[in-house]
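Keep in mind that the numbers below use all heavy atoms, side chains included, and drop hydrogens, waters and symmetry copies.
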Amino acid sequence: MAMTVMWTGMVVLSVLCSLATGHGSQTAAAALEGATAAVELCLSMAGVMCLWMGVMEVMRRAGLSRKLSRLMAPALGALYPSFAGDRQVMDVISANVSANLLGLGNAATPLGLEAARLMSRRSPGVASDALCMLVVCNTASIQLIPTTVAAVRLARGCETPFDILPAVWLASAVSLCAGICAARLFSRMWRR
């Protein structure tokens with residue numbers, strides 16, 4: 001609700017300022033141009049997103065998601081020790097991590113919300129250490145294939161949209177490590 005009020009206030013203030021300075025027609029033209037660009041961008045990204053969502057569905061139906069879950073079990077068990085024995089939670093977290101690895105933030109979000117819902121059953125109304133770690137890992141996830149960023153670059157005319165891979169790998173690995181260390185540090189500080 002607060003964000004709605006803030007955004008509405010900013011838009012109204014911007015329109016009033018543009019009218020007061022005599023730039024109302026330019027503001028209207030910019031708004032229409034921005035809306036057109038947003039629709040074009042969404043349509044160009046839809047194909048890439050559909051492709052990777054299809055890949056995730058094929059992986060799930062072929063049983064690769066289960067195998068990937070077993071492969072990631074040691075690392076995820078170390079990150080979420082209180083849920084290591086809960087197969088349902090770990091499968092959803094594994095699917096979430098897989099979607100993030102493929103750069104599918106749109107697919108990872110519902111999986112992350114489902115994992116958070118399942119995790120919150122143990123401590124209703126309180127964000128447990130594991131739930132905080134889930135939020136950190138989703139926010140600073142490692143992306144092997146930054147699909148969304150590549151789609152945006154391709155839509156904007158970039159001839160080599162994946163030339164950013166080394167920078168994405170380094171930045172996401174550093175941010176994930178920093179996030180995990182911070183989450184562990186704060187969880188220990190709050191217990192004292």
Side-chain angles (χ1 to χ4, degrees), residues 3 7 33-80 83 89-119 127 130-186:
M3 290 300 290
W7 281 107
E33 184 180 318
T36 302
V39 170
E40 289 173 0
L41 178 63
C42 288
L43 289 175
S44 66
M45 289 179 60
V48 175
M49 294 304 292
C50 288
L51 168 72
W52 288 108
M53 293 292 284
V55 167
M56 289 293 291
E57 182 63 19
V58 168
M59 286 175 61
R60 186 188 66 76
R61 289 187 184 185
L64 292 175
S65 294
R66 275 263 187 235
K67 291 177 183 174
L68 191 59
S69 177
R70 276 188 244 128
L71 181 69
M72 287 191 268
L76 293 178
L79 281 176
Y80 309 101
F83 290 95
V89 171
M90 294 309 283
D91 283 348
V92 175
I93 291 174
S94 175
N96 172 266
V97 170
S98 300
N100 276 324
L101 285 172
L102 293 174
L104 298 172
N106 294 341
T109 299
L111 293 166
L113 291 173
E114 177 66 13
R117 186 186 65 74
L118 292 171
M119 292 170 117
L131 187 55
C132 291
M133 184 65 75
L134 178 71
V135 171
V136 166
C137 289
N138 271 291
T139 304
S141 64
I142 291 183
Q143 294 187 3
L144 297 179
I145 305 170
T147 309
T148 304
V149 174
V152 170
R153 288 171 51 96
L154 186 64
R156 301 307 302 160
C158 180
E159 292 181 12
T160 55
F162 285 104
D163 64 350
I164 58 168
L165 285 179
V168 168
W169 294 338
L170 179 64
S172 61
V174 168
S175 66
L176 183 63
C177 289
I180 290 171
C181 290
R184 291 262 164 100
L185 176 70
F186 287 129

Kindly indicate whether the side chain of [X], heavy atoms from C-beta on, has any atom under 4.5 Å from the side chain of [Y].
X	Y	value
Cys158	Thr160	yes
Ser141	Val97	no
Leu118	Val92	yes

Counterpart residues, side chain to side chain contact (heavy atoms under 4.5 Å, CB included), relative to [X] (two or more places apart):
X	result
Ala130	Tyr80, Ser82, Phe83, Met119, Ser128
Ala183	Met133, Val136
Leu165	Pro146, Phe162, Trp169

If you look at every heavy atom in Ala116 and Leu134, which pair is closest and at what distance?
N-CD2, 3.6 Å
Between Leu176 and Cys137, what is the shortest heavy-atom contact and its length?
CD1-CA, 3.9 Å
Just grab all the salt bridge (Lys or Arg N to Asp or Glu O under 4.0 Å) pairs involving [range], residues at least two apart or on different chains.
range	value
residues 135-159	Arg153-Asp163
residues 132-143	none
residues 101-117	Glu114-Arg117

Using only atom types and a distance under 3.5 Å, with no angle test, would you say the side chain of Ser98 pairs donor to acceptor with the backbone of Ser94?
yes
Enumerate the side-chain hydrogen bond (donor to acceptor under 3.5 Å, both in side chains) contacts for residues 131-140, please, sequence neighbours excluded, ordered by first and then second residue.
Asn96-Asn138, Asn100-Asn138
Taking only residues two or more places apart in sequence or in another chain, which ones pass side chain to side chain donor-acceptor pair (under 3.5 Å) with Thr36?
none
